[in-house]
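Each chain gets a letter, A, B and so on, in the order its sequence line appears, and its residues count up from 1. All values derive from a computational prediction rather than experimental measurement.
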Amino acid sequence: MAQISLTFPDGNARDFPAGVTPAQVAADISNSLAKKAISATVNGAHWDLAWPIDADAEIAIHTMKDDAQALELIRHDMAHVMARAVQEIWPEVKVTIGPVIENGWYYDFDRQDPFTPEDLGAIEARMKEIINRRDPVTTEVWARDRAVAFYEANDEPYKVELIDAIPGDKPLRMYWHGHWQDLCRGPHLQHTGQLPADAFKLMSVAGAYWRGDSDRPMLQRIYGVGFKNRDDLRKYLNFLEEAEKRDHRRLGREMDLFHMQEVAPGQVFWHPNGWSIYTTLQDYMRRKQRAGGYVEVNTPQVVDRKLWEASGHWDKYQEHMFIVEVDEDHAREKTMNALKPMNCPCHVQVYNQGLKSYRDLPLRMAEFGSCNRYEPSGALHGIMRVRGFTQDDAHIFCTEDQIESECAKFIDFLTSVYKDLGFDSFEIMFATRPEKRVGSEESWDHVEKALEQAIKATGNDYTLDPGEGAFYGPKLDFKLTDAIGREWQCGTFQVDPNLPERLGATYVGEDGAKHRPYMLHRACLGSFERFIGILIENASGKLPFWLAPRQVVVASIVSDADDYVNEVTAALKAAGLRAEADTRNEKINYKVREHSVGKVPVILAIGQREVEERTVTLRRLGEKQTQVRPFADVLDDLAKEAVPPDLR
RNA sequence: GCCGCAGUAGCUCAGUGGUAGAGCGCACCCUUGGUAAGGGUGAGGUCGGGAGUUCAAUCCUCCCCUGCGGCACCA
């Protein structure tokens with residue numbers, strides 16, 4: 001029999017007969033490893049212990065200690081166990097697919113009636129039973145015809161469709177535990193008993209389209225989370241609780257920031273506290289942009305459909321636009337308009353006024369542009385996904401040669417903004433030419449290269465996102481990570497030669513001839529509404545001092561201190577701080593609690609002693625300790641602390 | 001938009017085929033209290049909207065609206 005050579009992670013190599021399985025290799029090394037082994041990596045591929053190896057290879061045997069592989073196998077097999085449990089309880093249910101996702105898995109079923117929360121309990125109980133049966137897992141490679149015949153006989157149409165979609169040269173793996181089987185590429189654990197019966201939980205039921213296509217049937221999806229042990233599961237459930245506590249909708253109410261109501265779905269009613277955050281952030285961005293060489297403009301909300309037709313948006317996005325028809329008797333002209341869903345066509349109109357010279361480029365035109373989009377009802381989510389929002393939008397008109405330096409400049413700009421706002425790192429996604437696109441290959445080559453060079457010039461890494469660019473040009477998306485590890489795509493940078501073309505933007509070059517500028521769409525925050533939601537959740541409501549809507553509350557302990565409280569408050573306000581006096585007839589305990597819940601960063605408590613000594617007792621949010629200090633000093637410190645980061 | 005769930009006082013929620021209740025909040029009174037809820041009294045509800053069944057609907061049925069969890073979407 002032919003021998004093959006297997007190289008282990010420590011560099012040692014040994015010979016085995018061709019067709020040896022990782023299980024046999026493990027057994028050859030030690031009994032205990034054979035027992036503990038769960039899978040292997042063979043030449044970089046995650047490999048089932050039972051799959052034969054036919055040629056020289058690098059091999060690593062995994063145990064439950066290898067998190068990545070262990071979790072992959074656990075979640076994967078959990079999905080199968082769940083599907084088996086469902087079919088054991090309801091044999092008529094049809095199975096479809098069930099992939100591993102972050103923290104767990106889901107499985108989509110075709111079933112007449114949706115699953116209820118009570119059903120989840122029954123399924124969980126059955127899953128535990130199945131795990132305890134310790135059924136061995138086996139995989140078999142079947143011929144395509146046999147598999148199709150099998151699934152047709154079992155009335156599993158979705159599986160037949162899946163097989164049809166698998167390329168002809170790929171082996172079809174049939175996966176069995178006990179009498180239950182599923183089509184699956186593997187790898188798998190050796191038996192279901194290797195699954196931790198106390199470290200998973202079925203979380204929710206939801207509808208999901210078959211193959212993610214809204215024209216196809218709606219299936220019933222069950223989500224589960226699974227870990228190696230009970231502790232990890234508990235940690236994850238705690239994380240979810242923590243995320244819920246940070247929910248901006250809840251904090252928005254508790255901190256009295258904004259509300260939303262039925263008369264304006266998807267739009268924000270900003271309260272004084274929330275609007276304070278908004279304007280503080282906007283003032284900051286305005287200063288940054290001025291310093292960054294942008295000019296600021298403002299353009300109309302209601303714009304004739306002719307412009308949207310010219311820009312191409314009418315064709316593509318009409319469904320998502322708020323249409324405003326002026327068709328009343330009193331109107332002189334009957335027109336059809338749309339609320340602007342974006343600012344770029346209007347910016348081109350500003351650009352097009354007067355003749356532009358190459359000397360005017362790059363022209364960086366910014367607008368805090370209020371936009372309205374008729375988002376599908378199901379997409380709305382607090383202030384994160386709304387129908388009326390304001391972008392920190394800008395368009396840079398430039399020549400092809402300027403793209404690279406403008407891109408690098410923007411990345412630096414964005415880095416500085418994110419840092420000021422408390423996000424130290426972000427990820428760059430580089431989306432390149434999609435299949436359906438306009439423009440010449442040479443132009444794509446050049447522009448993509450310019451973006452890549454620009455990223456490198458700023459010393460950042462990027463993740464390639466092939467084929468995900470806009471039809472008119474490549475783009476960069478910037479994702480920041482929040483305090484509990486969630487990612488948010490906020491910034492964007494898109495190269496667009498198309499819109500200037502459609503809307504007839506030109507500049508006069510050195511040669512005296514007219515040329516077409518490029519347009520770079522860019523944003524840092526995305527929308528103020530969404531970004532403020534992110535800020536709130538990132539900080540758990542405890543916003544940095546300069547952004548906090550109420551920075552200081554001055555609270556009296558006894559009513560004899562009221563005059564001094566008012567005096568202190570007035571002095572704080574005069575120094576530009578957002579301060580409030582609280583002289584209500586309540587105990588200091590009560591006031592401290594209320595303003596702590598309201599996330600006020602600093603409480604100055606004033607009783608008889610402070611009045612006499614011209615001091616204040618300072619208490620910072622989240623700290624139990626207080627400090628008694630002369631008010632003049634405190635005023636000085638707080639005024640410094642309130643300076644926005646760009647002015648320090 | 002699709003699937004499921006929900007909508008009762010400002011907020012969080014209980015409740016019943018015979019037109020409603022708690023806690024917090026709010027108002028007033030007592031209390032002047034030293035760092036996360038002092039006490040008392042009181043006001044406050046077209047039970048999301050519309051239609052139907054019924055002697056009678058907040059409750060049952062249907063339609064709509066809005067929200068929530070997903071899916072799809074996100075220029």
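Where RNA chain B pairs in unbroken runs of 3 or more (Watson-Crick or G-U, both distances under 3.5 Å), the stems are B:1-7 with B:65-71, B:10-13 with B:21-24, B:26-30 with B:38-42, B:48-52 with B:60-64.
Atom CD in A:Glu375 sits about 10 Å away from atom C1' in B:A75, given to the nearest Å.
A salt bridge links A:Glu567 with A:Arg614; the closest basic N to acidic carboxylate O contact falls under 4.0 Å.
Note: A:Phe478 and A:Phe423 fail the aromatic proximity criterion, with ring centroids not under 6.0 Å apart.
B:U35 and B:C30 have their P atoms separated by 26 Å, with the value rounded to a whole Å. Here, B:U46 and B:A9 have their C1' atoms 13 Å apart, quoted to the whole Å. Going from the P atom of B:U32 to that of B:G39 covers 15 Å, rounded to whole Å. Separation of the C1' atoms belonging to B:A6 and B:G38 is 38 Å when rounded to the nearest angstrom. When the P atom is used for both B:U58 and B:A72, the distance is 41 Å, rounded to whole Å. Taking atom C1' in both B:C2 and B:G45, one finds a spacing of 35 Å when rounded to whole Å. B:A56 and B:G70 are spaced 41 Å apart, taking the C1' atom of each and rounding to whole Å.
With hydrogens and angles left out, the side chain of A:Glu610 and the base of B:G34 share a donor-acceptor pair within 3.5 Å. No donor-acceptor contact under 3.5 Å links the side chain of A:Thr626 to the base of B:G34. The base of B:C71 lies outside donor-acceptor range of the side chain of A:Arg221, with no N or O pair under 3.5 Å.
No contact: A:Arg216 has no heavy atom under 4.0 Å from any strand. In this structure, A:Pro265 reaches the sugar-phosphate backbone alone: every heavy-atom distance under 4.0 Å involves primed, P, OP1 or OP2 atoms, never a base. Note on A:Gly212: only backbone sugar-phosphate atoms sit closer than 4.0 angstrom, heavy atoms only; bases stay farther off. No engagement by A:Gly526 is indicated, since no non-hydrogen atom pair under 4.0 Å with the nucleic acid exists. Using a 4.0 Å heavy-atom criterion, one finds that A:Ser556 contacts no nucleic acid atom at all.
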Can A:Leu621 and A:Val600 be said to form a side-chain contact (heavy atoms from CB on, under 4.5 Å), step by step? CA-CA 7 Å; A:Leu621 181 60; A:Val600 176; over 6 Å; no
side-chain contact (heavy atoms from CB on, under 4.5 Å), that's the test. Do A:Ser540 and A:Glu242 meet it? Break it down for me. CA-CA 9 Å; A:Ser540 268; A:Glu242 173 60 20; 3.9 Å; yes
Polar pairs (N or O, both sides) under 3.5 Å between protein and nucleotides 2-5 of chain B?
residue: B:C2; atom: O4'; partner: A:Tyr209; partner atom: OH; Å: 3.1
residue: B:C3; atom: O2; partner: A:Gly207; partner atom: N; Å: 3.3

Any protein N or O atoms within reach of nucleotides 41-43 of chain B? Criterion: under 3.5 Å, listing atom names and distances.
none

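Legend: residues meeting ring pair (Phe, Tyr, Trp, His ring centres under 6.0 Å) with A:Tyr294, ordered by chain and number and at least two apart, are A:Phe413.
When the nucleotides B:G7, B:U35, B:U32 are ranked by their closest atom to the side chain of A:Ser559, B:U32 comes out on top. Each of B:C68, B:U66, B:A37 was ranked by its minimum atom distance to the side chain of A:Arg249; first place goes to B:C68. The nucleotide whose nearest atom lies closest to any side-chain atom of A:Asn585 is, among B:A75, B:U31, B:G69, B:U31. Here the nucleotide nearest the side chain of A:Tyr472, chosen from B:G38, B:A75, B:U35, is B:A75.
With a 6.0 Å cutoff to the six-membered ring centre and a 45° limit on the axis angle, A:Arg75 counts as a cation-pi contact of A:Phe227.
For the OP1/OP2 pair of B:U35 and a distance below 4.0 Å, the side-chain nitrogens and oxygens of A:Arg609 include no atom meeting the criterion. Within the structure, a side-chain polar atom (N or O) of A:Arg253 is placed less than 4.0 Å from OP1 or OP2 of B:U12. Listed pair A:Arg387 / B:C74 fails the phosphate criterion, with no side-chain N or O lying under 4.0 Å from OP1 or OP2. Dashed line: the shortest gap from a side-chain N or O of A:His381 to OP1 or OP2 of B:G70 is not under 4.0 Å. Contact annotation: A:Tyr223 side-chain N/O to B:C71 OP1/OP2 distance is under 4.0 Å.
The ring of A:Tyr590 does not lie on top of the base of B:A36; it is either too far (5.5 Å or more) or too tilted (30° or more).
At least one side-chain heavy atom of A:Thr432 sits less than 4.5 Å from a side-chain heavy atom of A:Pro466. No side-chain heavy atom of A:Asn538 sits under 4.5 Å from any side-chain heavy atom of A:Trp488. Put simply, the side chain of A:Trp270 does not reach to within 4.5 Å of the side chain of A:Ile277, judged on heavy atoms. Side-chain contact between A:Val553 and A:Lys591 is absent, with no heavy-atom pair separated by less than 4.5 Å.
The environment of CD in A:Glu92 is crowded: more than 12 heavy-atom neighbours from other residues, nucleotides or ligands sit within 6.0 Å.
For the ring-ring contact (aromatic ring centres under 6.0 Å, His included) condition, the pairs that include at least one residue of residues 92-116 of chain A, sequence neighbours left out, are A:Trp90-A:Phe115, A:Tyr106-A:Tyr223, A:Tyr107-A:Phe109, A:Phe109-A:Phe115.
Take the nearest nucleotide of RNA chain B for A:Gly607 and for A:Asn372: the residue whose nucleotide is more 5' is A:Gly607.
Smallest separation of non-hydrogen atoms from A:Ala548 and A:Pro601: CB-CG, 3.6 Å.
Taking the six-membered ring for Trp and thresholds of 30 and 60 degrees, A:Phe531 and A:Tyr418 have nearly parallel ring planes, at less than 30 degrees apart.
Remark: A:His313 in residues 296-313 of chain A come within less than 4.0 Å of RNA chain B through at least one heavy atom.
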